[in-house]
Novice: 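Quick one: this structure, given as structure tokens, is what I'll be asking you about.
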Amino acid sequence: MHLFAAPVSAGKKALEHETAYRLLAYAVQEVYGLPLPEIACDSRGKPFFPQRQEICFNLSHCRGLAVCGISAFPLGVDCESIRSLREGVLRRSFAPEEVLAVMESPQPDETFFRFWTLKEAFVKALGVGISYPLHTAVFALDGEDVTRHPQGWQFRQFRPDSGHVVSCCGASEDTLPEELHVVSF
């Protein structure tokens with residue numbers, strides 16, 4: 001798996017979306033030496049390359065950042081800007097041990113978004129979105145390491161700056177990226 005990120009002017013939603021697709025074109029050229037293939041969406045809305053189904057990709061964008069993961073295996077990526085956690089989401093979408101970890105953390109907002117991006121990356125890899133019962137995908141963190149996660153998948157997190165968290169989820173047979181490649185457009 002290869003993971004790319006690009007900073008985006010904060011507060012510009014259309015630019016975040018556009019940057020994510022520019023990042024995809026960059027990643028396809030960088031990794032496969034190809035121009036951006038035609039994109040279609042499956043029945044659940046997940047984009048894919050119909051003429052290049054051997055190339056899997058996933059995109060995410062948030063306030064100030066766009067992310068693209070690309071691989072020969074199914075994957076999911078998510079990025080979030082760290083802001084105040086939403087307690088309703090915490091109670092509804094997190095397992096009891098995750099709620100406790102967030103509430104006992106010296107940085108509860110950051111810990112919340114570390115868990116949230118792991119959950120999002122996982123359901124995006126599955127191709128099901130947040131209709132999945134998120135509280136059943138249980139994670140644990142030990143410092144920078146993800147020490148508990150759903151079986152059959154592997155996870156890694158990055159913090160390209162103090163204000164963002166990026167998580168990636170890859171198939172067990174894939175190789176996770178050691179670094180997040182940051183590019184500017």
Novice: Please check if I55 and I39 belong to a single hydrophobic cluster, counting links between Ile, Leu, Val, Met, Phe, Trp and Tyr side chain heavy atoms closer than 4.5 Å.
Specialist: yes

Novice: If hydrophobic clusters are built from ILVMFWY residues whose side chains come within less than 4.5 Å, do L36 and L23 share one?
Specialist: yes

Novice: Locate the shortest heavy-atom distance separating A125 from C169; write the atom from each residue and the value.
Specialist: CB-SG, 3.8 Å

Novice: Does the pair E87 and R91 meet the rule for a salt bridge (Lys or Arg N to Asp or Glu O under 4.0 Å), with working shown?
Specialist: CA-CA 6 Å; E87 220 169 299; R91 305 268 180 223; 3.3 Å; yes

Novice: When rounded to the nearest 0.5 angstrom, what distance separates OG1 in T111 from CG in L85?
Specialist: 9.5 Å

Novice: Should the heavy atoms of other residues, nucleotides or ligands under 6.0 Å from CZ of R86 be counted, would the total exceed 12?
Specialist: no

Novice: Quick one: CE on M1 to CD1 on I70, what's the gap to the nearest 0.5 Å?
Specialist: 11.0 Å

Novice: Establish whether F158 and V183 are linked, either directly or via other cluster members, by ILVMFWY side-chain heavy-atom contacts under 4.5 Å.
Specialist: no

Novice: Classify the ring geometry between H2 and F4 as parallel (under 30°), tilted (30 to 60°) or perpendicular (over 60°).
Specialist: parallel

Novice: Whether the side chain of E110 engages the backbone of Q107 through a donor-acceptor N/O pair (distance < 3.5 Å, no angle test) should be reported.
Specialist: no

Novice: Give every residue pair that meets the salt bridge (Lys or Arg N to Asp or Glu O under 4.0 Å) criterion with at least one member in residues 43-64, sequence neighbours excluded.
Specialist: R52-E54

Novice: Say whether S60 and D78, considering side chains only, have a donor N or O and an acceptor N or O under 3.5 Å apart.
Specialist: yes

Novice: Same cluster or not: F49 versus V77, using hydrophobic residues (I, L, V, M, F, W, Y) connected whenever any side-chain heavy atoms lie under 4.5 Å apart?
Specialist: no

Novice: Would you say that R83 contacts D109 through its side chain, given a criterion of any heavy-atom pair below 4.5 Å between the two side chains?
Specialist: no

Novice: If you measure from OG1 on T147 to CG on D142, what distance do you get to the nearest 0.5 Å?
Specialist: 5.5 Å

Novice: Measuring only between side-chain heavy atoms, which start at C-beta, is E97 closer than 4.5 Å to V138?
Specialist: yes

Novice: Consider side chain to side chain contact (heavy atoms under 4.5 Å, CB included). Of V102, L90, L134, which one does W116 pass it with?
Specialist: L134

Novice: Supply the atom-to-atom distance R156 CZ to D145 CG, rounded to the nearest 0.5 angstrom.
Specialist: 9.0 Å

Novice: I'd like to know if V123 and F155 are part of one continuous hydrophobic network [Ile/Leu/Val/Met/Phe/Trp/Tyr, side-chain heavy atoms within less than 4.5 Å].
Specialist: yes

Novice: Quick check: closest heavy atoms across S71 and L75, and the distance to 0.1 Å?
Specialist: CB-CD2, 4.1 Å

Novice: Is there a side-chain contact between C79 and T117, using heavy atoms and a 4.5 Å cut-off?
Specialist: no

Novice: To the nearest 0.5 angstrom, please state how far the CG atom of L118 sits from the CD atom of Q157.
Specialist: 4.0 Å

Novice: Please report the interatomic distance CZ(F113) to OG(S81), rounded to the nearest 0.5 Å.
Specialist: 6.5 Å

Novice: With a 4.5 Å heavy-atom cut-off, do S93 and Y132 have their side chains touching?
Specialist: no

Novice: So V146 and F115, do their side chains get closer than 4.5 Å, heavy atoms only?
Specialist: no

Novice: Between E98 and K119, does a salt bridge (Lys or Arg N to Asp or Glu O under 4.0 Å) hold up when you go through it step by step?
Specialist: CA-CA 11 Å; E98 293 170 327; K119 290 174 180 291; 2.9 Å; yes

